[in-house]
Amino acid sequence: LKDEKINITFILYDGKRLQTEAKVGDTLLDVVVNNDLNIEGYGACEGTLTCSTCHVVLKDEDYKRLPEEPCDEERDMLDLAYGLTDTSRLGCQITLTKDMDGLEIRVPETINDARS
Ligand code: FES
């Protein structure tokens with residue numbers, strides 16, 4: 001089961017859709033990095049929960065079915081993200097499961113690197 005793949009789509013603020021294969025067990029940040037997805041500035045802190053540049057917005061139903069709630073550190077970082085929504089998460093904290101096949105992830109326009 002380790003190398004199971006699903007298909008997910010990142011939707012950029014300009015409407016561009018980046019559809020990609022993703023490995024189950026990877027985070028959204030891993031997917032962006034491993035597949036060389038061209039999302040400017042994404043994941044600046046490499047998943048160490050210090051930047052918020054990996055901010056993504058999920059559909060309501062997807063947000064609700066994520067297995068894990070955001071931890072306190074993630075919430076703190078999300079507070080610093082521009083354009084925060086009720087269904088915002090940090091992509092480096094979302095681990096893909098098999099039932100996320102077909103997931104659509106919106107990437108907000110303004111990326112805020114909390115470190116700068
Ligand atoms: Fe920096 Fe997610 S990559 S908080």
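Counting convention: from 1, in listed order, for ligands and their atoms alike.
Nearest approach of R89 to L66, heavy atoms of both residues: NH1-CD1, 3.4 Å. Among all heavy-atom pairs drawn from D99 and R65, the shortest one is O-NH1, 2.9 Å.
At most 12 non-hydrogen atoms from other residues, nucleotides or ligands lie less than 6.0 angstrom from CD of E69. By the 6.0 Å contact criterion, CG on N38 is open, its count of non-hydrogen atoms from other residues, nucleotides or ligands being 12 or less.
Protein N/O/S atoms closer than 2.8 Å to atom 1 (Fe) of ligand 1, listed by chain and residue number, are C45 SG, C51 SG.
Annotation: side chain to side chain donor-acceptor pair (under 3.5 Å) contacts involving residues 11-22, sequence neighbours excluded, comprise R17-E104, T20-N35.
Classification of K64 and D60 as a salt-bridged pair holds, one side-chain N sitting under 4.0 Å from a carboxylate O.
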